[in-house]
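Just follow the structure's listing: the first ligand is 1, and inside any ligand the first atom is 1.
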Amino acid sequence: MALKLYNTMGRKIEVFVPIQQGKCSFYGCGPTVYNYAHIGNLRAYVFLDLLNRALSFLGYDVKYVMNITDIGHLTGDSDDGEDKMLKTAKERGQSVLEIAQFYTEAFFNDIDRLNIRRPNIVCKATEHINEMIELIKRLEKNGHTYMAGGNLYFDVTTFPNYGKLAMLNLDDLKTGAGKRDIVVVDKNKRNPHDFVLWFTKSKFENQALVWDSPWGIGYPGWHIECSAMSMKYLGEQFDIHTGGIDHIPIHHTNEIAQSEGATGKKWVNYWLHNEFLIIAKDKNDSESTGGKMSKSSGNFLTLQSLIDKGYEPLDYRFFLLGAHYRSQVAFSWDAMDSAKNSRKALIQRISKCIAQVVEETADIPTTTLISQTQINDTGLKWINAFTESLENDLATPKALSELQGAIKDKNMSAMETLAVISKMDTVIGLDLIENSIKLYEEEKNIATGKLAPELESEVQKLIAERNDAKKSKNYERADEIRNSLASRGIILVDTTEGTIWKTN
Ligand code: AMP
Ligand code: ZN
């Protein structure tokens with residue numbers, strides 16, 4: 001079978017044919033670093049990571065570029081609203097660069113915790129202003145721009161394919177119908193779909209970051225950064241471009257107009273978009289609204305807020321991979337519990353394979369040894385089924401069920417099963433072998449009444465946290481800690497000397 005992907009351009013599944021055989025170049029729209037990423041944003045990066053890992057697994061030599069938007073992204077995706085970065089900087093009394101630096105680090109911390117591999121190239125908008133200016137000059141030369149009210153605009157009527165990605169109706173564009181979804185607040189625009197390439201007339205006093213340009217001192221519009229940086233690192237034509245579905249009608253539509261308007265040729269061959277994560281309405285909370293994630297609705301969840309509730313980042317990764325990237329996913333605590341339990345059960349099953357290998361060889365197998373173990377026909381059958389699921393537009397729910405099937409298959413030796421899982425996990429990214437070895441060691445130590453130093457200190461921290469919780473009458477948290485340790489075989493006993501642990 002060949003890799004098939006759903007191309008938003010044309011809205012159909014297509015066989016993936018790379019520009020250069022055996023290679024794949026792709027660009028993913030990265031974060032705007034004015035706040036913590038919410039767990040919806042993180043879905044977009046887990047999806048990018050899946051694509052990256054799947055392409056490598058399928059044998060492609062991958063070049064993957066992601067941008068960091070540290071300037072110019074307005075709170076509205078068209079040209080209205082405030083600059084997101086500047087708004088936070090003003091609220092915090094910090095400089096825009098300080099804000100960007102802080103949230104860029106927070107972003108990398110989140111993606112590391114989710115086992116998301118770093119892109120080959122991460123590029124910041126503020127470090128590529130010259131490339132943006134050069135691209136805008138090409139657009140100007142090709143007659144796609146006009147100056148109005150001090151800002152330089154892209155004239156969408158000069159680009160006949162404008163709106164193809166979003167399937168906007170061209171006749172509507174010309175006559176002015178079909179503009180319902182675009183609120184025109186900028187009177188300088190000839191057409192509501194026109195967008196700013198370069199601002200010199202900022203509506204904000206003290207615009208923090210400005211650069212000189214042929215159109216005056218100012219700063220770039222948001223969309224131009226992705227065209228300029230992707231072309232710099234991947235060339236004027238590349239294979240895949242991704243983002244969340246919200247980017248289809250404006251951001252990606254405008255990126256295409258700018259890029260193809262400058263080069264005069266097709267820019268990207270495959271457009272992949274992840275569906276949204278929404279918040280399920282909480283049955284037990286009458287004030288819960290559910291729906292879109294936003295700060296104002298109280299639906300803003302970060303990775304850290306999941307960790308604070310006792311989940312591990314990989315529980316969230318597992319939860320996301322349980323759905324196809326093109327299906328909308330409703331987040332709820334019940335769903336997180338079930339992801340957490342299923343991941344735990346998976347690791348428990350794999351740790352039984354580890355135990356079996358130890359029984360046979362008297363040694364805990366190393367990850368290297370496992371990955372070098374020969375896989376025979378039965379294992380290959382599972383790997384082929386797993387590969388086919390990925391080739392079918394990255395169908396992770398099916399891929400995960402093949403992984404579960406492989407674990408239960410009694411026709412393989414424990415070592416071969418581990419080798420199969422290890423190979424599949426290069427795509428799934430749950431550190432399944434490492435975590436199963438850890439669990440095996442933990443259980444072995446508990447059986448002998450010892451805890452590994454790392455676990456001992458974790459248990460001591462949890463005992464201290466439980467004592468604090470009890471002092472502040474947070475019995476719910478205290479019980480949660482006791483129960484979670486009990487589920488790992490560690491029983492807390494409150495004595496007159498304090499709390500101690502024992503194994504059951
Ligand atoms: P932003 O930082 O706002 O540019 O968003 C970063 C990425 O997250 C983009 O690819 C968005 O399309 C994506 N995104 C935003 N909200 C969600 C959501 N609720 N679910 C999935 N992806 C999202
Ligand atoms: Zn972009």
Under 4.0 Å from a heavy atom of Gly40: give me the atoms of ligand 1 that qualify, with their elements.
-> 17 (C), 18 (C), 19 (N), 20 (N), 21 (C), 22 (N), 23 (C)
Establish, yes or no, whether a centroid distance under 6.0 Å links the rings of Phe16 and Tyr60.
-> yes
Take atom NZ in Lys12; do more than 12 heavy atoms of anything else shown fall under 6.0 Å from it?
-> no
Closest His251 atom to the Zn ion (ligand 2) [N, O or S only] | NE2
Short side-chain donor-acceptor distance under 3.5 Å, Asp393 and Tyr325 | yes
Please name the atom of Glu255, restricted to N, O or S, that is closest to the Zn ion (ligand 2).
-> OE2
Has His247 got an N, O or S atom lying less than 2.8 Å from the Zn ion (ligand 2)?
-> no
For Ile245, is at least one N or O under 3.5 Å away from an N or O on ligand 1?
-> no
Could a heavy atom of His251 be found less than 4.0 Å from some atom of ligand 1?
-> no
More than 12 heavy atoms of other residues, nucleotides or ligands under 6.0 Å from NZ of Lys340: is that the case?
-> yes
Indicate, as side chain, backbone, both or neither, the part of Asn274 found under 4.0 angstrom from ligand 1 when only non-hydrogen atoms are considered.
-> side chain
Please report the C-alpha distance between Gln304 and Arg113 in whole Å, then the side-chain angles of each, then the deciding distance to 0.1 Å, and finally whether the side-chain contact (heavy atoms from CB on, under 4.5 Å) criterion is met.
-> CA-CA 10 Å; Gln304 188 58 47; Arg113 291 189 288 184; 2.8 Å; yes
Is there an N/O/S atom in Cys226 that lies less than 2.8 Å from the Zn ion (ligand 2)?
-> yes
Should Lys438 and Asp431 count as an ion pair when the cut-off is N to O under 4.0 Å?
-> no
Examine Asp246 against ligand 1 and note whether any of their N/O atoms are separated by less than 3.5 Å.
-> yes
Ligand 1 N/O within reach of Gly243 N/O, cut-off under 3.5 Å = no
The one among Tyr45, Phe276, Tyr34 that brings a heavy atom closest to atom 7 (C) of ligand 1 | Tyr45
Using distance alone, decide if ligand 1 has a nitrogen or oxygen within less than 3.5 Å of any nitrogen or oxygen in Glu275.
-> no
Scan side-chain atoms only and decide if His324 and Tyr6 contain a donor-acceptor pair under the 3.5 Å cut-off.
-> no
So is Thr32 polar-close to ligand 1, meaning N/O to N/O under 3.5 Å?
-> yes
Between Glu388 and Asn384: side-chain donor-acceptor atoms closer than 3.5 Å | no
Ligand 1 to Pro31, heavy atom cutoff 4.0 Å, flagged ligand atoms 2 (O)
With a 4.5 Å heavy-atom cut-off, do Val62 and Phe26 have their side chains touching?
-> yes
